[in-house]
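Here is the structure we will look at.
Reminder, nothing fancy here: chain letters follow the sequence lines and each chain counts from 1. Side chains are part of it too, since the values below use all heavy atoms of this structure and drop only hydrogens, waters and symmetry mates.
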Number of protein chains: 2
Amino acid sequence: MSETVIRQVRTGGRSARIQAAVHEATEALISELGRAALTVPAIAARAGVTPSTIYRRWGGLPALLADVAARHLRPVAEPADAPTLREALQAWVEQYADEMSSGPGRALIHDVLNGSAEPEFTGRCCSYTIDQLRVISDRAMARGEPPLPLEEVVDHVVAPIMYRIIFGLDLTDPAWCRGLVDRLFDGSPPLEG
Amino acid sequence: MSETVIRQVRTGGRSARIQAAVHEATEALISELGRAALTVPAIAARAGVTPSTIYRRWGGLPALLADVAARHLRPVAEPADAPTLREALQAWVEQYADEMSSGPGRALIHDVLNGSAEPEFTGRCCSYTIDQLRVISDRAMARGEPPLPLEEVVDHVVAPIMYRIIFGLDLTDPAWCRGLVDRLFDGSPPLEG
DNA sequence: TGAATTAACGCAACTCCTTTGCTTTAACTG
DNA sequence: CAGTTAAAGCAAAGGAGTTGCGTTAATTCA
């Protein structure tokens, strides 16, 4: 016997204000103390809020960090344009790999993955990536070029990069990233060649 | 002025016994209570150990879970053999994807990634994968077939699968996994085709 | 083999994160 | 503008995590 309770969410004034204050406080304390010394009570104090508010809204520190990280991973600008589709993707991949493999980038990814078992925050990150790729693809189509096969780009360009970052492997060779894009455009030879 | 202290680690009797007891207790409590209700004191009590022992040796619950998970992710057997290299890889990928995308598999991966910023446990998992692929490759070479390009297999077969699992995407289409291997062996066409 | 050394565990006290029941505030509804 | 009820504040209780110190036992070396 389960009652379906309609629970309306309040998005207005105070809630929005507190969310902003908590996010701000979190970012400030991360840069001041680092993640090691970060605690919910400390964030609450900085934000002018009681700890129980954070615990009830976010559930705990990992979920809060994931929320903040996911927000940071949202691209601030549209991907750079370039004369050709290949060059545009090349440029985007280079920047993507640089940002994600940097110290702060790895920390953000770590935070997002630690957030929760629920794919709430990870899903957001995937969407950001797809959105960027779609912009690049649409611009190219407007010039008469073929569209990007988005799924293949994710599988064979984005995934290899993220795999190495997530599993702590080096990503210092810029030529390797370019090779991923080249392989996508030029095709790959059958085995044994 | 830094003193380099040689700190020898003790691997003998008691340490090994306690490590085994703690691992056993962890696994038992995971299946009894689930990860949500899991705590270090509970594990310590079950293992007949004081909590401080666990905190000092592992550092905390996430690191302990990562250690246990990494141990579980170690392959129990050599990969299945098959008449040809392609079939052997095909079979391995199918099993790999099945195990990793299952509920328990995703939980183990999550635990390993949450373990620590240090690539201690993630590195182990990568090694397991590479080792399995190397076995498949070596067996094929003994039959006169070409070796597997290990790095390419990781980049274009393993990475796409792991990316989808880690970011909470579906992985229900077995044909998609086969397609990854086919693409590796048959090559991929250049764009715009 | 046996004594010396010291890494690792047990114990206990302490700190403070986390949870929870209740009250108060203020966002939404009609 | 009054009524309803999410969401925040407050405070107390519970429990996770930390640390200093004594004890145990693994390792080394004579």
Along DNA chain D (nearest heavy atom to each residue), the more 5'-positioned of B/V40 and A/G48: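 Here A/G48 is the residue nearer the 5' end.
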
For B/G60 and for B/R17, locate the closest nucleotide of DNA chain D by heavy-atom distance; then report the residue assigned to the nucleotide nearer the 5' terminus.
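Taking each residue's closest nucleotide, the earlier one in sequence belongs to B/G60.
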
Respond yes when some side-chain nitrogen or oxygen of [X] is under 4.0 Å from OP1 or OP2 of [N], and no when none is.
X: A/T11; N: C/dC28; result: yes
X: B/Y55; N: D/dG17; result: yes
X: B/T39; N: D/dA16; result: yes
X: A/T53; N: D/dA8; result: no

Measure from the side-chain heavy atoms of [X] and tell me the nearest of [options].
X: B/V9; options: C/dG10, C/dA8, C/dC17; result: C/dA8
X: A/R10; options: C/dA26, D/dA26, D/dA8; result: C/dA26
X: B/T50; options: D/dG17, D/dG9, C/dC11; result: C/dC11
X: B/Q8; options: C/dC9, C/dT18, C/dA7; result: C/dA7
X: B/R14; options: C/dA8, C/dA12, D/dA6; result: C/dA8

- Pair A/R71-A/H23, side-chain donor/acceptor within less than 3.5 Å: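 There is such a pair between these side chains.
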
Looking only at N and O atoms, is any donor in the side chain of B/R56 or the base of D/dG17 less than 3.5 Å from an acceptor on the other one?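 Absent.
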
query: Does any N or O donor sit under 3.5 Å from an N or O acceptor when you compare the side chain of B/S15 with the base of C/dC9?
result: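 Such a pair does not exist between side chain and base.
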
Output yes when B/D173 and B/R178 qualify as a salt bridge under the 4.0 Å nitrogen-oxygen rule, no when they do not.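 Between B/R178 and B/D173 there is no salt bridge, as every charged N stays at least 4.0 Å from the carboxylate O atoms.
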
If the threshold is 4.0 Å, N to carboxylate O, is there a salt bridge linking A/D131 and A/R124?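 No salt bridge links A/D131 with A/R124.
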
Would you mind classifying the nucleic acid contact of A/L61 as base, sugar-phosphate or nothing, using non-hydrogen atoms under 4.0 angstrom?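 Answer is nothing: A/L61 stays at 4.0 Å or more from every strand.
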
Check: So, B/T122 side chain and A/G168 main chain: donor-acceptor pair closer than 3.5 Å or not?
Finding: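 Absent.
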
